[in-house]
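In what follows, chains carry the letters A, B, and so on, assigned in the order in which the sequence lines appear, proteins first and then strands, with residues in each chain numbered from 1.
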Protein chains: 4
Amino acid sequence: MNAAPDPSRRSERARVAVLDAALALCRESGLAQLTIEGIADRAGVSKKTIYRWWPSKGAVLLDAVADLASRTALHGDTGDLAADMAAQLNNVVEIISPQDTSPVAALVAEGQRDPALAASIREQMIMPSIAGFEERLRSAQRVGQIPENADFGVALDLFYGPIYHRLVYRLGLPDEDEIRTRVDHVIAGLRAMG
Amino acid sequence: MNAAPDPSRRSERARVAVLDAALALCRESGLAQLTIEGIADRAGVSKKTIYRWWPSKGAVLLDAVADLASRTALHGDTGDLAADMAAQLNNVVEIISPQDTSPVAALVAEGQRDPALAASIREQMIMPSIAGFEERLRSAQRVGQIPENADFGVALDLFYGPIYHRLVYRLGLPDEDEIRTRVDHVIAGLRAMG
Amino acid sequence: MNAAPDPSRRSERARVAVLDAALALCRESGLAQLTIEGIADRAGVSKKTIYRWWPSKGAVLLDAVADLASRTALHGDTGDLAADMAAQLNNVVEIISPQDTSPVAALVAEGQRDPALAASIREQMIMPSIAGFEERLRSAQRVGQIPENADFGVALDLFYGPIYHRLVYRLGLPDEDEIRTRVDHVIAGLRAMG
Amino acid sequence: MNAAPDPSRRSERARVAVLDAALALCRESGLAQLTIEGIADRAGVSKKTIYRWWPSKGAVLLDAVADLASRTALHGDTGDLAADMAAQLNNVVEIISPQDTSPVAALVAEGQRDPALAASIREQMIMPSIAGFEERLRSAQRVGQIPENADFGVALDLFYGPIYHRLVYRLGLPDEDEIRTRVDHVIAGLRAMG
DNA sequence: GTCTAAACGAGACGGTACGTCTAGTCTTTCT
DNA sequence: AGAAAGACTAGACGTACCGTCTCGTTTAGAC
């Protein structure tokens with residue numbers, strides 16, 4: 001049995017260097033150049049150190065992207081659902097950019113070949129985000145901006161869907177105006193079906 | 001200089017065997033097991049033959065998926081936009097399934113590490129599909145099912161977006177009822193914003 | 001069963017072109033560049049044609065070298081054994097040269113990986129040559145230049161051996177003076193042991 | 001820039017396994033079956049490890065043969081030149097055997113397609129052996145067994161030549177009696193010409 | 001301030017797949 | 001029917017990364 005490593009003795013320098021290297025390599029050269037060996041070289045860290053703390057290249061990327069995302073406040077509540085959703089989706093687009101060497105797109109692609117990673121992504125990134133999103137919808141219901149019987153699943157699909165459709169097919173991420181237009185359509189649809 | 005191979009002498013047997021093997025391997029074991037060597041073995045074909053006719057594993061997969069998609073009639077026009085879009089999206093979901101070892105998801109993931117492949121996917125699969133989609137919308141406009149000034153970009157994002165959001169985050173592809181609900185919401189939104 | 005090809009319909013142009021190409025490629029670039037494909041290209045001949053008439057690349061080379069050797073008179077008999085042997089060995093050295101890209105060395109190397117070829121070389125080139133050599137020795141015995149009981153096997157080894165030792169280890173082929181010196185030593189040895 | 005590997009960290013187990021596998025494969029199946037992949041498989045070693053420490057398959061074989069040869073004492077000096085040379089040549093024949101799948105013959109054949117290897121063979125195997133041989137001849141001169149003016153080049157050619165002539169043409173390696181007969185002839189020739 | 005155990009960098013290891021090359025076979029088209 | 005052209009199966013080539021495993025060398029916490 002391998003003894004688990006002692007987190008209290010972990011080198012913060014190495015941890016940060018690995019995450020920075022992962023993001024930088026991904027941004028510079030895309031997913032194809034993102035290898036454990038490349039990250040280790042760039043970070044000045046041994047492969048062993050990476051494997052000690054992360055189970056896979058995707059896990060490194062997830063940590064790096066999570067770090068990135070955690071620096072952005074999510075699902076604020078100003079009382080104006082349309083404005084809040086537009087702001088939120090703009091944040092998401094910013095994190096995802098640039099489209100061609102997006103760390104998030106890379107993470108998603110890695111998820112395709114690593115089901116365990118896909119589960120981690122869902123649990124650590126997507127589900128919390130959905131929870132915040134639904135909380136915001138409930139708030140909107142309380143002030144009557146959307147109907148009491150609005151379908152949250154539909155709302156999730158229609159608010160977030162466009163971004164990922166465009167991301168995976170590289171159709172150009174929506175700009176602020178496009179996001180606002182879509183948000184208005186979705187809210188209009190939710191109200192019309194209420 | 002490498003002479004280009006002569007397509008008129010191409011072996012149809014080998015071509016079909018490669019595409020079949022690619023799809024089968026992808027369905028059985030997912031993207032991680034989809035290698036050129038694996039395809040060659042399964043197809044009873046030499047690697048050389050694959051490299052002669054396709055530039056990459058992703059290109060094989062694109063051909064295979066395109067073959068698959070071409071056997072499904074797309075964007076029919078019965079006069080009922082909601083019914084037609086629901087039918088169309090159900091077709092797309094069927095092609096994409098099963099989610100965990102979806103050839104389309106694999107293709108999309110490959111596109112992340114191969115920009116040339118991403119461009120091919122866009123040109124050969126996505127753009128023609130969008131053209132058919134817009135043609136269908138124009139037809140709906142002519143019979144007054146959606147407003148004259150409906151935003152086709154919004155419609156594209158909202159109709160197709162949900163599928164890909166769910167696909168990349170493995171949230172479970174929508175079933176027929178879910179698709180119908182979303183189609184109705186989108187059309188309601190288009191009308192409300194008209 | 002494959003019908004044997006009909007030699008009467010064989011293209012002399014193709015046959016000559018193949019042998020010439022084999023020798024030329026061997027001389028220019030050494031054995032590593034001597035491939036069936038390379039010969040076919042250089043000769044303007046299809047690979048099929050080569051495989052139709054020769055079982056292997058070594059067989060082509062054997063034919064080519066045999067052609068070469070046949071243009072040199074072997075084991076003449078002027079009555080002076082030492083002079084005749086020196087002349088003969090000089091002929092051999094000339095056929096073998098240049099050492100670095102010697103077709104004969106290439107042929108010998110091919111023989112190592114193809115026992116059937118090795119047998120062909122022995123039967124078609126070596127054994128006839130040995131027969132001629134022994135005939136010459138018998139002639140020398142008749143005129144008393146070497147003892148009646150001289151060991152022909154020893155003579156063969158000592159006359160021909162040096163050339164091949166130097167060839168395989170690239171020690172520099174003997175020049176005319178060196179050959180003459182060795183011939184004299186061998187004959188001296190044969191006489192001394194007689 | 002490729003960093004050179006660090007010899008102090010080299011795995012002795014891997015080194016020995018590779019050399020053993022190379023010799024075994026060569027002996028069992030001949031040069032045609034001797035591939036880097038085959039050696040790696042047989043040795044339970046990765047191809048990378050072979051390529052890390054040897055530039056080519058021939059270099060592996062050279063190391064293996066050199067190992068083999070180093071376990072045989074060469075050019076001993078009992079005071080009797082004929083006996084010593086016969087013993088030495090018997091050693092050489094033993095190392096070379098079996099003729100049909102001789103590692104030495106394979107090495108020589110490889111040398112034909114790889115001039116760098118041929119140079120290595122000459123420097124690491126042949127030249128040291130020649131030096132030892134000439135030292136033995138000098139010793140024989142000191143005790144008057146061969147003339148002061150004996151031609152060492154002739155001696156080298158006539159002592160060693162027969163073995164290689166027979167090897168490359170697969171004429172059957174000389175047995176102990178044949179070797180002794182030839183040694184005696186050569187010494188007789190050297191004395192007669194002194 | 002040692003001492004010591006663990007995390008570190010470096011990198012060799014057994015593997016798998018890559019994309020390329022040549023061998024030898026087979027098929028098509030031309031003469 | 002033989003020849004030129006060239007696509008085919010087969011498999012070795014040499015390379016890149018994978019994930020594991022030593023090595024010595026820091027380095028941080030316990031003494």
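With sequence neighbours left out, the side-chain contact (heavy atoms from CB on, under 4.5 Å) criterion links B:Val168 to A:Val108, A:Tyr164, A:Val168. Checked against side-chain contact (heavy atoms from CB on, under 4.5 Å), A:Trp53 has the following partners two or more places apart in sequence or in another chain: A:Pro5, A:Arg10, A:Thr49. A:Glu123 meets the salt bridge (Lys or Arg N to Asp or Glu O under 4.0 Å) test with no other residue; sequence neighbours excluded. Taking the side-chain contact (heavy atoms from CB on, under 4.5 Å) definition, one finds that D:Ala118 meets it with C:Arg170, sequence neighbours left out. For D:Pro7, there are no side-chain contact (heavy atoms from CB on, under 4.5 Å) partners at least two apart in sequence or on another chain. Residues satisfying the salt bridge (Lys or Arg N to Asp or Glu O under 4.0 Å) test with C:Arg42, not counting sequence neighbours, are C:Glu28.
Pairing each heavy atom of C:Ile39 with each of C:Leu25, the nearest pair is N-CD1, 3.6 Å. For the residue pair D:Gly58 and D:Leu107, the shortest heavy atom distance occurs at O-CD1, 3.5 Å.
Between the CD atom of A:Glu12 and the P atom of E:dC8 there is a distance of 11 Å, given to the nearest Å. Between the CD1 atom of D:Ile36 and the P atom of F:dG11 there is a distance of 19 Å, rounded to whole Å. Rounded to an integer number of Å, the gap from CZ of D:Arg10 to C1' of E:dG14 is 16 Å.
The phosphate of E:dG14 has OP1 or OP2 within less than 4.0 Å of a side-chain N or O from D:Arg13. Between D:Arg113 and the phosphate of E:dT22, there is no side-chain N or O to OP1/OP2 separation shorter than 4.0 Å.
No hydrogens or angles were tested; on distance alone, a donor-acceptor pair under 3.5 Å links the side chain of C:Ser46 to the base of F:dA4. Side-chain atoms of B:Lys47 come within donor-acceptor range of the base of E:dG19, with a qualifying N/O pair under 3.5 Å.
For residues 49-59 of chain C, proximity to DNA chain F is found at C:Thr49, C:Arg52, C:Trp53, defined as any non-hydrogen atom under 4.0 angstrom from a strand atom. Using a 4.0 Å cut-off on heavy atoms, none of the residues of residues 14-26 of chain D approach DNA chain F. Less than 4.0 Å separates DNA chain F from at least one heavy atom of each of the following residues of residues 37-45 of chain C: C:Gly44, C:Val45.
Counting only heavy atoms from C-beta outward, the side chains of C:Ile36 and C:Trp54 never approach each other to under 4.5 Å.
Residue pairs satisfying the salt bridge (charged side-chain N to carboxylate O under 4.0 Å, His left out) criterion with at least one member in residues 43-53 of chain B, sequence neighbours excluded, are listed as follows: B:Glu37-B:Lys47. Sequence neighbours left out, the pairs with a member in residues 12-24 of chain B that pass side-chain hydrogen bond (donor to acceptor under 3.5 Å, both in side chains) are B:Glu12-B:Arg15.
Under the 3.5 Å distance criterion, the side-chain polar atoms of D:Thr101 are left unmatched by any main-chain donor or acceptor of D:Gly30.
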Checking side chain to side chain contact (heavy atoms under 4.5 Å, CB included) for the pair D:Asp114/D:Lys57: CA distance, chi angles, key distance, verdict? CA-CA 10 Å; D:Asp114 182 353; D:Lys57 142 174 79 174; over 6 Å; no
Readout for nucleotides 22-31 of chain F: B = base within 4.0 Å of protein heavy atom, S = sugar-phosphate only, - = neither; 5' to 3' it is B----BB---
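DNA chain E is contacted by both A:Ser11 and C:Leu34; A:Ser11 maps to the nucleotide lying nearer its 5′ end (nearest heavy atom per residue).
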